[in-house]
Amino acid sequence: MFETLNKFFKFCDKENRKKFYGSIIVGIINSLFNALKIGAISVILTGVIDATVNGKPFEVKSIWLSLIIMGVSVIGSIITKKNTAMWQCEGGYRTCAQKRIEIAEHLRYLPMGYFNANSLGEITSVTTNTMEALGDVATRAVMMVLQGLLDTALIIVMIMFYEWKVGLVALAGFGVFEFVNLFMRIAVKKTSAQKIVDDAAEIGKVLEFIQGISEVKAYNLAGQRQSELNKVINKRKKTLIKMEMKCIPVSNIQSLIAKLTGVAIMMVSIFSYLNGSMVLANCVVMLVCSFMLFTALEAGGNYSALLRIIDLSVSKASAILELPTMDIEGAEIEPANCNLEAKDIDFAYDKKKIIDGISLKIPERTTTAIVGPSGGGKTTFCHLLARFWDVDKGSVSLGGKNVKDYSMDSLMKNYSFVFQSVYLFHDTIANNIRFGQPDAPMEKVIEAAKKACCHEFISALPNGYDTVIGEGGTSLSGGERQRISIARAIMKDSPVIILDEATANVDPENERDLMDAISALTKEKTVIMIAHRLKTVRHADQIIVIDKGRIAEQGKHEELIAKGGIYAKFIDSRKEAVSWKL
């Protein structure tokens with residue numbers, strides 16, 4: 001138990017850890033105030049019993065003393081309870097928020113291969129369910145478990161102060177209670193781990209179902225996919241029920257032990273009074289304590305079953321934060337020029353070699369077109385140039401300096417990307433365009449939109465640039481999303497532009513506007529484009545044909561056509577596809 005709590009506290013940052021430690025100290029004071037109730041009860045009972053049984057005159061000061069002690073106890077308990085709860089809640093929720101931000105920042109600097117190997121559901125689960133468990137469950141569990149332990153410990157100490165024999169009985173009951181509680185934590189250990197797995201699986205399946213809903217409908221797979229989704233949801237439901245069913249019997253045993261301990265305290269107290277070893281006042285106080293003793297501990301004991309989830313949640317979040325990032329601690333470098341060079345680079349993914357000994361020079365302000373068979377390594381090569389991954393062998397340089405010498409942020413300032421699959425954020429169109437310059441004035445946003453040939457259709461929308469688009473840009477057409485992404489790249493105004501199949505899925509009506517937008521984007525830039533359309537590659541300064549991770553051919557359009565190799569066959573197949581008609 002304490003190992004898990006310590007693990008959680010270490011997971012929190014210094015400021016929030018102080019809040020938890022402070023809450024524990026105040027919690028001890030709160031327990032002292034709660035324990036004062038025993039003193040207040042003892043004072044008034046002693047006065048009443050002395051007056052009624054022993055015939056002594058009842059002193060009014062006993063009432064006042066009891067009221068003062070009880071008042072101090074109640075007021076002190078309220079104040080300390082408030083501060084304890086506030087500090088623990090602040091510590092828990094702020095830790096949750098900060099760790100989400102830390103994870104997001106950490107993910108920025110992981111190699112892209114991590115995202116290929118890990119499902120979106122897994123990452124989403126950590127940032128939602130896992131962090132929610134830490135922000136909510138952890139706060140409640142820590143508060144209830146620790147306060148239960150503290151209250152019980154202080155009451156036992158107070159009982160020891162009055163009657164050590166009864167104190168030993170209470171201590172023994174506390175020991176048995178904790179022993180049974182250990183079995184509860186062991187019982188849910190395996191199920192808690194399964195719950196974490198099922199959480200990720202459910203989120204992954206829900207995301208998959210929603211993102212692929214168009215394909216599900218188009219291919220009439222609604223029943224099949226719905227069945228798979230239901231299966232995952234039901235599996236998680238069964239895991240949660242199983243977890244509860246394992247806790248309930250042990251929880252009932254704990255409750256029984258608490259009650260039996262109270263009965264044992266009553267019996268020992270009454271027996272001690274009858275044989276003359278305990279005065280009546282103390283006996284009555286012990287009877288009252290038998291009802292108070294395990295109330296807080298019972299609640300804390302039930303929450304302790306959640307400590308295993310806290311342990312797993314911390315481990316899961318820490319596992320992401322401990323993933324080795326790319327070396328991002330380079331210098332803030334502003335390159336003298338934007339010449340790109342790859343020297344004998346190799347790259348393998350999951351032991352499969354994708355890039356095999358490529359060397360290439362790309363002078364600044366030139367256009368390099370990359371073509372080749374699907375799966376040949378074109379996109380991976382471009383990602384290596386921009387350091388989405390680190391090469392396994394060789395080097396990539398920008399402006400004569402190894403890209404690894406740059407800090408990641410200073411390197412990324414030099415690149416803009418337009419991908420085949422465009423992602424726009426659930427925000428206004430203006431904010432999506434100014435993504436690279438969040439503080440850019442509206443005039444610059446409109447200027448970039450005009451260059452990207454999207455000002456006209458944006459202005460026609462109900463709220464113009466303030467129109468909020470759906471997540472992923474789903475409320476816009478493919479061509480409109482593509483042009484907004486180009487406006488975003490124009491706004492960033494980086495010297496190196498990478499176009500990855502930017503015109504692949506554009507309809508003929510949008511193609512001319514899109515080509516005009518690309519022309520505005522790439523003017524006076526270093527351009528690297530992956531393309532399959534003849535009109536987008538034939539005027540490139542150099543054309544690179546990548547096949548099986550190697551440069552198969554290199555040259556200008558006319559030179560490669562004359563060779564009659566892969567490129568010539570590629571062009572012939574494209575001409576045939578364009579000329580084919582119904």
Side-chain angles (χ1 to χ4, degrees), residues 1-31 77-108 120-151 185 188 192-193 195-196 198-200 202-203 206 236 240 243 296 299-323 425-427 471:
M1 179 193 296
F2 291 106
E3 183 181 351
T4 299
L5 292 173
N6 187 49
K7 183 177 181 179
F8 172 69
F9 293 150
K10 285 183 178 179
F11 181 74
C12 302
D13 64 23
K14 188 176 181 181
E15 182 182 349
N16 290 315
R17 197 181 307 135
K18 283 182 178 178
K19 288 184 180 295
F20 277 110
Y21 289 159
S23 73
I24 293 172
I25 293 170
V26 177
I28 294 172
I29 299 171
N30 176 262
S31 297
S77 295
I78 291 171
I79 294 171
T80 53
K81 185 70 174 178
K82 171 184 172 292
N83 288 328
T84 301
M86 286 300 299
W87 287 352
Q88 287 179 343
C89 286
E90 285 179 8
Y93 290 126
R94 286 180 179 176
T95 293
C96 173
Q98 288 172 2
K99 289 301 175 181
R100 278 192 176 112
I101 294 169
E102 275 187 48
I103 289 172
E105 283 294 310
H106 195 76
L107 291 173
R108 286 180 59 201
L120 182 59
E122 180 74 16
I123 298 169
T124 306
S125 179
V126 171
T127 54
T128 54
N129 286 352
T130 301
M131 299 315 300
E132 186 66 23
L134 289 176
D136 190 6
V137 177
T139 300
R140 293 177 184 275
V142 169
M143 188 161 49
M144 297 300 293
V145 171
L146 284 178
Q147 199 61 49
L149 289 172
L150 290 173
D151 284 350
R185 298 198 297 274
V188 300
S192 298
K195 176 192 176 296
I196 299 292
D198 289 348
D199 285 347
E202 182 183 62
I203 289 178
V206 169
R236 181 172 180 267
L240 291 173
M243 191 174 182
N302 292 334
Y303 270 94
S304 67
L306 299 174
L307 292 178
R308 179 59 185 166
I309 294 178
I310 297 172
D311 192 299
L312 291 170
S313 297
V314 169
S315 296
K316 205 166 184 65
S318 297
I320 290 183
L321 292 171
E322 289 167 5
L323 283 169
F425 294 89
H426 182 64
D427 203 341
E471 186 176 349

Across all chains, not counting sequence neighbours, the side chain to side chain donor-acceptor pair (under 3.5 Å) partners of Asn83 are none
Salt bridge (charged side-chain N to carboxylate O under 4.0 Å, His left out) with Arg236: which residues, sequence neighbours excluded? Asp199, Glu202
List the steps and the verdict of side-chain contact (heavy atoms from CB on, under 4.5 Å) for Glu105 and Glu102. CA-CA 5 Å; Glu105 283 294 310; Glu102 275 187 48; 5.7 Å; no
So how far is it from Thr95 OG1 to Asp13 CG, rounded to the nearest 0.5 Å? 5.5 Å
Please name all residues satisfying ring-ring contact (aromatic ring centres under 6.0 Å, His included) with Tyr93, sequence neighbours left out, ordered by chain then number. none
Sequence neighbours left out, what passes side chain to side chain donor-acceptor pair (under 3.5 Å) with Glu15? Give chain and number order. none
At their closest point, which heavy atom of Asn16 faces which heavy atom of Gln98, and how far apart are they? ND2-OE1, 3.1 Å
Could you grab the distance from atom CG of Leu107 to atom CG of Leu321, nearest 0.5 Å is fine? 8.5 Å
Nearest heavy-atom contact between Gly91 and Phe20 is C-CE1, 3.6 Å
Kindly compute the distance separating CD1 (Ile79) from OG1 (Thr84), expressed to the nearest 0.5 Å. 11.5 Å
If you look only at pairs with a residue in residues 16-25, which of them pass as a salt bridge (charged side-chain N to carboxylate O under 4.0 Å, His left out), with sequence neighbours excluded? Lys19-Glu90
Partners meeting side chain to side chain donor-acceptor pair (under 3.5 Å) with Ser23 (sequence neighbours left out): Gln88
Stepwise side-chain contact (heavy atoms from CB on, under 4.5 Å) check, Lys10 with Val314: CA-CA 10 Å; Lys10 285 183 178 179; Val314 169; over 6 Å; no
Results of side chain to side chain contact (heavy atoms under 4.5 Å, CB included) for Ile29 - residues two or more places apart only: Phe33, Thr80
